[in-house]
Protein chains: 2
Amino acid sequence: MVTPRELRDPDCPIRSVLDRIGDKWSFLLILTLAPRPHRFGELRRAVDDISQRMLTQTLRSLQRDGLVDRTVFPTTPPSVEYRLTALGLSLLEPMRGLVAWADLQLPAITGARARFDAAQV
Amino acid sequence: MVTPRELRDPDCPIRSVLDRIGDKWSFLLILTLAPRPHRFGELRRAVDDISQRMLTQTLRSLQRDGLVDRTVFPTTPPSVEYRLTALGLSLLEPMRGLVAWADLQLPAITGARARFDAAQV
DNA sequence: CAGGATCCCTTCCGATACTG
DNA sequence: CAGTATCGGAAGGGATCCTG
């Protein structure tokens with residue numbers, strides 16, 4: 001287990017990993033790719049508030065980290081498929097733990113926010 | 001279980017929760033507060049690359065979400081203690097799942113990054 | 001179809017100075 | 001000690017246009 005001490009080190013390499021996972025678009029794209037591979041346009045439609053720029057950029061970083069595999073089919077017009085690697089698939093379990101927590105605790109958090117905001121006059 | 005479809009909704013409330021958890025400083029502060037309560041100055045020294053501004057700001061948002069409890073002791077000089085709430089404590093388990101994954105897969109990710117960067121000439 | 005390139009606006013965030 | 005307030009640079013990210 002990693003101690004908080006290591007994570008508090010500004011140069012801790014695990015930070016760079018957690019930063020990626022914590023990224024909004026990375027998180028959503030990984031979950032979207034979980035059931036099956038998707039093409040570029042499919043992903044854009046699936047996550048309909050992502051801009052083309054961020055989609056490309058996020059997919060590149062996921063590919064760089066070895067979480068996503070990119071396959072180009074030299075057809076006309078070109079077709080590109082994105083799929084989770086084994087590494088990417090292994091990330092699903094801890095990610096879903098977090099989603100399950102957020103889902104379960106959503107009422108508590110929403111309530112806390114409302115009380116806090118009400119107390120600030 | 002939350003389906004990806006809901007998360008892909010721009011207005012999905014779970015997104016706002018995940019955004020907080022994914023936040024770099026929130027994540028570190030929660031882990032730092034895990035073993036015991038800390039005072040403001042303690043936290044600043046513990047996470048030594050956080051600015052005073054971000055520390056205050058992040059603690060406020062954690063308090064607002066009901067994850068952290070803030071107690072003021074009316075001494076001179078003033079003393080303020082931050083501690084995890086039951087809700088905050090319950091978040092530790094899924095968070096540690098992610099940290100454990102990152103720790104375990106760090107070599108694979110580092111290797112993938114190196115290969116990717118090398119391939120880009 | 002799957003991007004690359006550019007412009008530009010907003011938000012983040014660190015540094016600094018000040019206060020009860 | 002534990003903040004608040006303000007400024008300004010850096011980065012994030014959307015909109016648009018262009019191409020193999």
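A, B, ... follow the sequence lines: proteins, then strands. Residue 1 opens every chain.
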To the nearest Å, give me how far apart [atom1] ([X]) and [atom2] ([N]) are.
{"X": "A:Arg20", "N": "D:dG12", "atom1": "CZ", "atom2": "C1'", "answer": "12 Å"}
{"X": "B:Phe40", "N": "D:dA2", "atom1": "CZ", "atom2": "P", "answer": "7 Å"}
{"X": "B:Met54", "N": "C:dA15", "atom1": "CE", "atom2": "C1'", "answer": "14 Å"}
{"X": "A:Leu55", "N": "D:dG14", "atom1": "CG", "atom2": "P", "answer": "11 Å"}
{"X": "B:Glu81", "N": "D:dG3", "atom1": "CD", "atom2": "P", "answer": "12 Å"}
{"X": "B:Leu28", "N": "C:dC13", "atom1": "CG", "atom2": "P", "answer": "13 Å"}
{"X": "B:Asp23", "N": "C:dC12", "atom1": "CG", "atom2": "P", "answer": "10 Å"}

Of the nucleotides [options], which has the atom closest to the [X] side chain?
{"X": "B:Gln52", "options": "C:dG14, C:dG3, D:dT4", "value": "D:dT4"}
{"X": "B:Arg53", "options": "D:dT6, D:dG14, C:dG3", "value": "D:dT6"}
{"X": "B:Trp25", "options": "D:dC17, C:dG14, C:dT16", "value": "C:dG14"}
{"X": "B:Thr56", "options": "C:dG3, D:dG14, D:dT4", "value": "D:dT4"}

| task | Please list, by residue number, the residues of residues 58-77 of chain A whose heavy atoms come closer than 4.0 Å to an atom of DNA chain D; answer none if no residue qualifies. | result |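 Here the set is empty: none.
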
| field | Flag if over 12 foreign heavy atoms under 6.0 Å of CD, B:Glu93 | value |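 Open: at most 12 neighbouring heavy atoms sit under 6.0 Å from CD of B:Glu93.
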
| message | Counting the atoms with a prime plus P, OP1 and OP2 as sugar-phosphate, which does A:Gln57 contact under 4.0 Å by heavy atoms, base, sugar-phosphate, or nothing? | response |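 No contact at all - A:Gln57 keeps every heavy atom at 4.0 Å or more from the nucleic acid.
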
| request: Would you indicate what B:Arg39 reaches in the nucleic acid, counting non-hydrogen atoms under 4.0 angstrom: base, sugar-phosphate, or nothing? | output: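 Since only primed, P, OP1 and OP2 atoms lie under 4.0 Å of B:Arg39, the category is sugar-phosphate.
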
| message | According to side-chain hydrogen bond (donor to acceptor under 3.5 Å, both in side chains), who are the partners of A:Asp69, at least two apart in sequence or on a separate chain? | response |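 Partners of A:Asp69 by the side-chain hydrogen bond (donor to acceptor under 3.5 Å, both in side chains) criterion come out as none, since no residue qualifies.
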
| query | Are A:Thr71 and A:Arg83 close enough, and set up right, to give a side chain to side chain donor-acceptor pair (under 3.5 Å), and what steps lead you there? | reply | CA-CA 8 Å; A:Thr71 308; A:Arg83 71 168 65 225; 5.3 Å; no

| query | Thinking salt bridges, do B:Asp19 and A:Lys24 make one under a 4.0 Å N-O criterion? | reply |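 No, B:Asp19 and A:Lys24 are not salt-bridged.
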
| message | So, taking the atom named OG in B:Ser16 and the one named CG in B:Asp11, what distance separates them when rounded to the nearest 0.5 Å? | response |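 The distance works out to 10.5 Å.
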
| message | Quick check: closest heavy atoms across A:Glu6 and A:Cys12, and the distance to 0.1 Å? | response |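 Answer, listing the atom of A:Glu6 first, then A:Cys12: O-CB, 3.1 Å.
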
| query | C:dC1 phosphate, OP1 or OP2: any side-chain N/O from A:Tyr82 under 4.0 angstrom? | reply |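 No, because none of the side-chain N or O atoms of A:Tyr82 sits under 4.0 Å from OP1 or OP2 of C:dC1.
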
| message | Before you tell me yes or no, could you show the steps for A:Arg64 and B:Asp117 under salt bridge (Lys or Arg N to Asp or Glu O under 4.0 Å), namely the whole-Å CA-CA distance, both residues' side-chain angles and the distance that decides it to 0.1 Å? | response | CA-CA 8 Å; A:Arg64 177 173 184 265; B:Asp117 293 346; 2.8 Å; yes

